[in-house]
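Sending over a structure as structure tokens; questions will come in a sec.
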Amino acid sequence: MTEQQRPDGGRAQGGGTDEPVFRPRKNGQEQSVSEELSAWMRTGWADTEKRDVRPIEQARHTARRRSELSARFPGERLVVPAGGLKTRSNDTEYPFRAATDYVYLSGDQSDDGCLVFEPHEGGGHEVTAYLRPRSNRENGEFWLDGHGELWSGRRNSLAESSALLGLTVHDVRELPALLEKAAGGVATRIVRGHDAALEQIVDELRGGATEESAARDEELAVALHDMRLVKDDWEVEQLQKAVDATVRGFNDVVAVLPQAKATSERYIEGTFFLRARVEGNDVGYGTIAASGPNATTLHWVRNDGPVREGDLLLLDAGVEGTELYTADVTRTLPVSGAFTEVQRRVYDLVYASQEAAIASLAPGRPFREYHRVAQRVLAEGLIEWGLLEGPVDRVVELGLQRRYTLHGTGHMLGLDVHDCARARTEEHLYGELRPGMVLTVEPGLYFQPDDLTVPEELRGIGVRIEDDVLITEDGSRVMSAGLPRASADVEAWLAERMPKA
Ligand code: GLY
Ligand code: MN
Ligand code: MN
């Protein structure tokens, strides 16, 4: 909600005659609009208000989540912004993606929105969504402002949004003045990092930004991340949809490997992206399409390298579904269709490690345990190959295997790819697994091309296998089981789907 992002400069104008008149500008020059055109553009429009709007499917879940948050912060005002458009260059913006906590609590995805929990005297909160209304036709905003509906598309009216979200909805332009005038004495917290203008207003309301107020805001963020750790049934459904679309995206990639060989890793990224945009909202994170030695760079997102016969292709990609839940899956494929002996050796060790880690997942187990299990299997293999000196207890205690395993074995998954990262450690990293948690299991081995501690035949090989797993009442379920994992199954998959040269 910056000055440029609000048609009215982000400040309440009260509507009606106070509305500013929009002057069309092009390349910094004011454009003239005749009175006749101006008057004509105000008239002749049909009433498109929808009067039979039904609540979105997740409205019952968002209501429960809001009640839970309300109970955690009795008597306090909570401000949860959606964030606004960010400039990419000049007058173009990055695609908008609403802030996760805002989506979690409202089900809304529109830019510039904000949820405000206002405490009742008798307990509980009145929650209001502040949203941008439909564009004003009287003052020309709808066609003369660069973010008017004629340019950006129709928005829901406030009444439509209210019916969709099951919430009281007001014009977001009223919010700054409302907060500025807000009753003193009511403690206010805001989810930071999404709306600098609102943060400033809240800071002023609290008498200036202090370490104490920052800590109180952090407590709100932590509470939301704690709440998001366990997914409800609707969320699990959304994650499964995202995973299923991701499985189709991986199949798409296998079907175009010959074109990728003729071009670059970008062909793979682009192919997966097509699936993400057609079936979902976007990719949930930058696709890693890493062929040959690029696979040893953990966040290889340049994706501009060649895809060569004989290489391993590491593809780490996830579709973010229409409700913004994302998958996070990795497969490492031999571009030729078959692993070489040395590639298979590395692959099979990573696979064994992943199998052991998945088998260890169950409710009540410590979150860190599957990481320890995976690392131990990898360390044992590395000792057997003579890359590390045993015993294995010493290796894992000192973490020596990490030279080749590099990263943790997984993370929570949900609306964010690295979900709930700010949850309390006792609930998360040092907590126990609970039914409804969804996490990734993604061990890997990476031998850098210039690592003189490994035999030459291993240098430049990177393998990761990553799956998305739901913790169930009695164990776990691999949500991405639709993609083969064992080396022989991967080869069979390629033989079936990859076009012959
Ligand atoms: N794609 C990022 C990760 O696997 O965590
Ligand atoms: Mn990943
Ligand atoms: Mn991951």
Side-chain angles (χ1 to χ4, degrees), residues 97 100 225 228-229 231 238-240 242-250 253 265 268-269 271-273 275-276 280-291 294-303 312-321 324-333 347 350-351 353-355 357-358 361 367-368 370-371 373-375 378 402 404-423 428-429 433 437-446 462-471 476 478-485 490:
R97 200 276 197 182
T100 295
H225 284 226
R228 285 168 31 208
L229 279 168
K231 276 66 186 171
Q238 302 315 308
L239 280 161
Q240 189 64 61
V243 169
D244 292 347
T246 298
V247 168
R248 288 187 281 276
F250 274 72
V253 165
E265 295 161 341
I268 289 160
E269 177 188 339
T271 300
F272 189 83
F273 185 61
R275 180 64 69 169
N281 177 58
D282 203 336
V283 286
Y285 54 91
T287 294
I288 298 167
S291 191
N294 293 338
T296 65
T297 300
L298 288 183
H299 285 166
W300 179 259
V301 290
R302 282 183 235 160
N303 302 340
L312 286 179
L313 168 71
L314 185 157
L315 175 60
D316 182 342
V319 172
E320 177 186 73
L324 308 188
Y325 288 80
T326 189
D328 180 11
V329 173
T330 305
R331 287 294 180 269
T332 306
L333 315 170
Y347 188 95
V350 174
Y351 176 66
S353 150
Q354 198 204 25
E355 282 280 273
I358 292 173
L361 293 172
F367 174 79
R368 299 282 295 173
Y370 81 100
H371 173 64
V373 166
Q375 293 291 301
L378 294 172
R402 290 173 56 191
Y404 311 117
T405 67
L406 297 185
H407 55 77
T409 307
H411 49 84
M412 294 295 175
L413 190 68
L415 282 163
D416 290 334
V417 61
H418 296 158
D419 209 39
C420 311
R422 287 152 88 179
H428 180 203
L429 296 181
L433 298 176
M437 286 179 165
V438 176
L439 42 80
T440 68
V441 183
E442 51 175 310
L445 278 175
Y446 311 89
V463 171
R464 176 163 65 256
I465 312 171
E466 177 172 24
D467 283 271
D468 302 338
V469 182
L470 168 70
I471 305 299
S476 70
V478 178
M479 301 175 80
S480 42
L483 285 176
R485 283 192 296 130
V490 168

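Atoms within each ligand, like the ligands themselves, are counted from 1 in listed order.
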- So do M437 and F367 actually touch side chain to side chain, heavy atoms under 4.5 Å? no
- Task: Report the residue from K231, H428, H411 that forms a side-chain hydrogen bond (donor to acceptor under 3.5 Å, both in side chains) with D419.
- Result: K231
- Minimum heavy-atom separation for V441 to P443, with atom names? C-CD, 3.7 Å
- In H411, the N, O or S atom nearest to the Mn ion (ligand 3) is which? NE2
- Query: Less than 4.5 Å apart, any side-chain heavy atom of R228 and any of T100?
  - Reply: yes
- Tell me which part of D328 gets within contact of ligand 1: side chain, backbone, both or neither, using heavy atoms under 4.0 Å. side chain
- Message: When you measure from the side chain of D328 to the backbone of V417, do you find a donor-acceptor pair of N or O atoms at a distance under 3.5 Å?
- Response: no
- What's the shortest distance from atom 4 (O) of ligand 1 to any protein heavy atom, and which residue and atom give it? E442 OE1, 3.0 Å
- Query: Does G318 offer a backbone N or O that forms a donor-acceptor pair with the side chain of Y285 under 3.5 Å?
  - Reply: yes
- Work out whether the distance between some heavy atom of H411 and some atom of ligand 1 is less than 4.0 Å. yes
- Message: Within ligand 1, which atoms have a heavy atom of E466 less than 4.0 Å away?
- Response: 4 (O)
- Taking only heavy atoms of H418, which atoms of ligand 1 are found under 4.0 Å from at least one of them? 2 (C), 3 (C), 5 (O)
- Message: Just checking R97: does its CZ atom have more than 12 heavy atoms from other residues, nucleotides or ligands closer to it than 6.0 angstrom?
- Response: yes
- Message: Can you confirm if the aromatic rings of Y446 and H407 lie within a centre distance of less than 6.0 Å?
- Response: yes
- Listing protein N, O or S under 2.8 Å around the Mn ion (ligand 2) gives D316 OD1, D316 OD2, D328 OD1, E466 OE1
- Task: Please lay out, stage by stage, how I288 and H299 fare under the test side chain to side chain contact (heavy atoms under 4.5 Å, CB included).
- Result: CA-CA 7 Å; I288 298 167; H299 285 166; 4.1 Å; yes
